[in-house]
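For the numbers below, each heavy atom of this structure counts, side chains included, while hydrogens, waters and symmetry mates do not.
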Amino acid sequence: ASMAAVRGSLYLCNGLRHICNRNGFKVISLASNGLPSRQQRYKSLSSGDLDLDEERPQFPGSTKASYTERLEFHLPEENPGIPVYRVMDGEGTILDPSQDPQLSKDTVLEMYRKMVMLSTMDGILYNAQRQGRISFYMTNYGEEGTHIGSAAALDPRDMAFGQYREAGVFLWRGFTLDDFMNQCFSNDLDYNKGRAFPVNFGSKEHNFATYSSPLATQMPHAAGAAYALKRAGTGLCVVCYFGDGAASEGDAHAAFNFAATLDCPVIFFCRNNGYAISTPTSEQYRGDGIASRGSGYGMATIRVDGNDTFAVYNVTKAAREMCVTESRPVLIEAMTYRIGDHSTSDDSSAYRTRDEVNHYRSNSPITRLQRYMLNQGWWDSDKETDYRETAKAQVMEAFRVGEVRKKPPLSDLLTDVYDTPMPHLDRQTQYMLNHVQQHKEQYPNTEVFMEEK
């Protein structure tokens, strides 16, 4: 436990350092930015506060409890389940007009187009991996609503930390099809300089930290970044996306606890898609999902229908307002379903049935939003056909251009770690250069070994 706490502290510090260095923030006191301090909001119980004549538990570990003479265990199976907030039913009908986000026609159409574009790109890149043209890919089928609904409700300056299945957030923020292709093909325009396998997206321009493949490592970083934003008085927040499987990692506990005790303005957005690769949620936890953990950490919590794009928008918008005005973390659990395989390294038919997948496919977020637009008279079959053809053409053009671009110079393998060249790297550079020269037939791009970009 102590080692986990130490590791969590290091991640928190790294996240704080990342956001401060990135934006040049000046750290100021909490009092000067008008935010209530943790001590002001949660006054600790001290010996001077104790009223020994009052018949109530007076222990520093719990200030809300009362005494009872009944020996009763609180059993989780007897607690009511946390409800799932929704705005639309499966047919795209608004159930309660007061919950209609009142988005403009243009905004709704743009949300739908981004979701279709993402799905189209997924299909093409998935097939490209099967053809051996890229090494790896992860689709987003079934979870598009969690991406677009949340991204549309955030300030694009809010720092985002993701797991690996949030491509739609990038798309909404302006990450282009070319950017996606450059990363997946690891060419010379890849922001990662070819040093990460496909789908490990990241962009300083779009305020999205680069993915790290190990689960949950982004969560303590997000808490640290949010703490930095709070200290800087920016009025911004952090959003941290993660899956139900990542919630089983120790880093999730560290992030939740740091964020709650330090009053960090961070939205923890859980995409509960039913599976942690091949492990179903029935084997992942025994409690009421991930949302049930929120109150235990002292976080505001809500559960939402992740296939209802409007509901996700409303919840994220309200959570952001709570984060920045009250300086506190919020946990959102979006209930959705991963229609595709976990990745191109997975065959989900080994652990779930086709009927199960088809059931959820018929009520995907794209289908539901399309039904809403049809009900409004904003969409029809001709527009659907035309746009899908347009989306496919745009993706294929970006694919064509990205695939044939040259690879990054090999010298990029040795940069961006040390501020100044180190002797051991100089030795490794010479060793690599000699090796490449001896085996030129295996390295067609030797001419760009030390190319300046």
**Student:** Considering residues at least two apart in sequence or located in another chain, which fulfil the salt bridge (Lys or Arg N to Asp or Glu O under 4.0 Å) criterion with Arg130?
**Tutor:**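 Arg130 satisfies salt bridge (Lys or Arg N to Asp or Glu O under 4.0 Å) with no other residue.
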**Student:** Side-chain contact test, heavy atoms from C-beta onward, threshold under 4.5 Å: evaluate it for Leu215 versus Gln163 and give yes or no.
**Tutor:**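 Yes, side chains in contact.
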**Student:** Does Arg328 use its side chain to pair, donor to acceptor, with the backbone of Val324 at less than 3.5 Å?
**Tutor:**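 Flag not set: sc Arg328 to bb Val324 has no pair under 3.5 Å.
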**Student:** Show your reasoning for whether side-chain contact (heavy atoms from CB on, under 4.5 Å) applies to Asn207 and Asp158.
**Tutor:** CA-CA 7 Å; Asn207 299 306; Asp158 292 333; over 6 Å; no
**Student:** List for me each residue that meets salt bridge (Lys or Arg N to Asp or Glu O under 4.0 Å) alongside Glu397, sequence neighbours excluded, and say none if there are none.
**Tutor:**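 Applying salt bridge (Lys or Arg N to Asp or Glu O under 4.0 Å) to Glu397 gives Arg400.
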**Student:** Looking at side-chain heavy atoms only, is the closest gap between Tyr141 and Ser119 below 4.5 Å?
**Tutor:**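 Of all side-chain heavy-atom pairs linking Ser119 with Tyr141, at least one is under 4.5 Å.
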**Student:** Among side-chain atoms of Gln129 and Ser135, is any donor-acceptor pair under 3.5 angstrom?
**Tutor:**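 On atom types as modelled, these side chains do not qualify, holding no pair under 3.5 Å.
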**Student:** Between the main-chain N or O of His206 and the side-chain N or O of Arg157, is there a donor-acceptor pair closer than 3.5 Å?
**Tutor:**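 Not confirmed, Arg157 side chain does not pair with His206 backbone.
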**Student:** Kindly say whether Pro101 contributes a backbone atom to a donor-acceptor pair with the side chain of Lys317 at under 3.5 angstrom?
**Tutor:**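 The answer is no, because no donor-acceptor pair under 3.5 Å joins these two groups.
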**Student:** Output, in order, the C-alpha distance, side-chain angles, deciding distance and verdict of ring-ring contact (aromatic ring centres under 6.0 Å, His included) for Phe175 and Phe180.
**Tutor:** CA-CA 7 Å; Phe175 204 73; Phe180 284 112; 4.8 Å; yes
**Student:** Take Tyr164 and His342, measure what side-chain contact (heavy atoms from CB on, under 4.5 Å) needs, and give me the verdict at the end.
**Tutor:** CA-CA 11 Å; Tyr164 43 57; His342 172 74; 3.1 Å; yes
**Student:** Does Lys407 form a side-chain contact (heavy atoms from CB on, under 4.5 Å) with Asp188? I'd like the steps, not just the answer.
**Tutor:** CA-CA 5 Å; Lys407 298 301 180 182; Asp188 64 330; over 6 Å; no
**Student:** Is a side-chain donor-acceptor pair under 3.5 Å present for Tyr85 with Gln99?
**Tutor:**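 There is such a pair (donor and acceptor under 3.5 Å, judged by atom type) between the side chains of Gln99 and Tyr85.
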**Student:** With distance as the sole test, does Asn272 use its side chain to make a donor-acceptor pair with the main-chain N or O of Gly243 at under 3.5 Å?
**Tutor:**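 Such a contact is absent between Asn272 side chain and Gly243 backbone.
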**Student:** Do the side chains of Arg405 and Asp190 get close enough for a salt bridge, i.e. N-O under 4.0 angstrom?
**Tutor:**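 Judged by the 4.0 Å cut-off on N to carboxylate O distance, Arg405 and Asp190 do not form a salt bridge.
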**Student:** Could you tell me whether Arg195 atom CZ has more than 12 heavy atoms of other residues or ligands within 6.0 Å of it?
**Tutor:**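 Atom CZ in Arg195 is packed in, count exceeds 12.
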**Student:** Give every residue pair that meets the ring-ring contact (aromatic ring centres under 6.0 Å, His included) criterion with at least one member in residues 116-135, sequence neighbours excluded.
**Tutor:**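 Residue pairs with at least one partner in residues 116-135: there are none.
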**Student:** Under 3.5 Å, side-chain donor or acceptor atoms of residues 295-304 against the rest of the protein: list the pairs with distances, not counting sequence neighbours.
**Tutor:**
from   : atom 1 : to     : atom 2 : distance (Å)
Tyr297 : OH     : His253 : ND1    : 2.8
Thr301 : OG1    : Met299 : O      : 3.0
Arg303 : NE     : Glu333 : OE1    : 2.9
Arg303 : NH1    : Ile82  : O      : 3.0
Arg303 : NH1    : Asp288 : OD1    : 3.1
Arg303 : NH1    : Asp288 : OD2    : 3.4
Arg303 : NH2    : Asp288 : O      : 2.8
Arg303 : NH2    : Asp288 : OD1    : 3.4
Arg303 : NH2    : Glu333 : OE1    : 2.8

**Student:** Among all residues two or more places apart in sequence or in another chain, which pass the salt bridge (Lys or Arg N to Asp or Glu O under 4.0 Å) test with Glu321?
**Tutor:**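 Glu321 satisfies salt bridge (Lys or Arg N to Asp or Glu O under 4.0 Å) with no other residue.
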**Student:** Would you say the side-chain atoms of Tyr112 and Glu384 include a donor-acceptor pair closer than 3.5 Å?
**Tutor:**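 Note: Tyr112 and Glu384 side chains meet the donor-acceptor criterion.
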**Student:** Looking only at the side chains, is there a donor atom on one of Thr176 and Asp179 sitting less than 3.5 Å from an acceptor on the other?
**Tutor:**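 Yes.
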**Student:** Are any of the side-chain heavy atoms of Phe136 and Ser343 separated by less than 4.5 Å?
**Tutor:**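 Yes - at least one pair of side-chain heavy atoms lies under 4.5 Å apart.
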**Student:** Would Tyr285 and Arg293 count as a side-chain contact (heavy atoms from CB on, under 4.5 Å) here? Give the steps.
**Tutor:** CA-CA 11 Å; Tyr285 51 73; Arg293 306 178 192 182; 3.5 Å; yes
**Student:** Restricting to side-chain hydrogen bond (donor to acceptor under 3.5 Å, both in side chains), what partner residues turn up for Gln131, sequence neighbours left out?
**Tutor:**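 Gln131: side-chain hydrogen bond (donor to acceptor under 3.5 Å, both in side chains) contacts with Arg133.
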**Student:** Check Asp416 with Lys193, please: is the shortest side-chain N to carboxylate O separation under 4.0 Å?
**Tutor:**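 A salt bridge is present here (some side-chain N lies under 4.0 Å from a carboxylate O).
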**Student:** State which residues pass side-chain hydrogen bond (donor to acceptor under 3.5 Å, both in side chains) with Asn182; sequence neighbours excluded, sorted by chain then number.
**Tutor:**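 Expected list: Asn187.
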**Student:** Determine yes or no for a side-chain-to-main-chain donor-acceptor pair under 3.5 angstrom, with Asp341 supplying the side chain and Thr344 the backbone.
**Tutor:**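 No, the answer is negative, given that no donor and acceptor are paired below the 3.5 Å cut-off.
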**Student:** With Glu143, which residues qualify under side-chain hydrogen bond (donor to acceptor under 3.5 Å, both in side chains), at least two apart?
**Tutor:**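 side-chain hydrogen bond (donor to acceptor under 3.5 Å, both in side chains) list for Glu143, sorted by chain: Arg271, Asn273.
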**Student:** side-chain contact (heavy atoms from CB on, under 4.5 Å) with Thr120: which of Lys392, Gln394, Glu389, Met115?
**Tutor:**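 Exactly one option meets the side-chain contact (heavy atoms from CB on, under 4.5 Å) with Thr120, and it is Lys392.
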**Student:** Phe399 vs Phe185, test: ring-ring contact (aromatic ring centres under 6.0 Å, His included). Steps then yes/no.
**Tutor:** CA-CA 9 Å; Phe399 181 96; Phe185 283 112; 5.1 Å; yes
**Student:** For Arg338, which residues count as a salt bridge (Lys or Arg N to Asp or Glu O under 4.0 Å) partner, sequence neighbours excluded?
**Tutor:**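 Partners of Arg338 under the salt bridge (Lys or Arg N to Asp or Glu O under 4.0 Å) test: Asp346.
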**Student:** So, using side-chain hydrogen bond (donor to acceptor under 3.5 Å, both in side chains) as the criterion, who are the partners of Ser150 when residues are at least two apart?
**Tutor:**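 So Ser150 forms a side-chain hydrogen bond (donor to acceptor under 3.5 Å, both in side chains) with Tyr241.
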**Student:** Tell me, with the steps shown, if Phe170 and Tyr211 meet ring-ring contact (aromatic ring centres under 6.0 Å, His included).
**Tutor:** CA-CA 12 Å; Phe170 279 95; Tyr211 292 158; 5.8 Å; yes
**Student:** Minimum heavy-atom separation for Phe197 and Ser213, please, with both atom names.
**Tutor:**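 Looking at all heavy atoms of both residues, the closest pair is CZ-OG, 3.0 Å.
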**Student:** Are the side chains of Tyr227 and Ser327 in contact, using a 4.5 Å heavy-atom criterion?
**Tutor:**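 No, side chains not in contact.
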**Student:** State which residues pass ring-ring contact (aromatic ring centres under 6.0 Å, His included) with Tyr372; sequence neighbours excluded, sorted by chain then number.
**Tutor:**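 Counting only residues at least two positions away or on another chain, Tyr372 forms a ring-ring contact (aromatic ring centres under 6.0 Å, His included) with Phe310, Trp378.
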**Student:** Taking salt bridge (Lys or Arg N to Asp or Glu O under 4.0 Å) as the cut-off, I'd like each qualifying pair that reaches into residues 93-111, sequence neighbours left out, listed once.
**Tutor:**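 Qualifying pairs, neighbours excluded: Glu110-Lys114.
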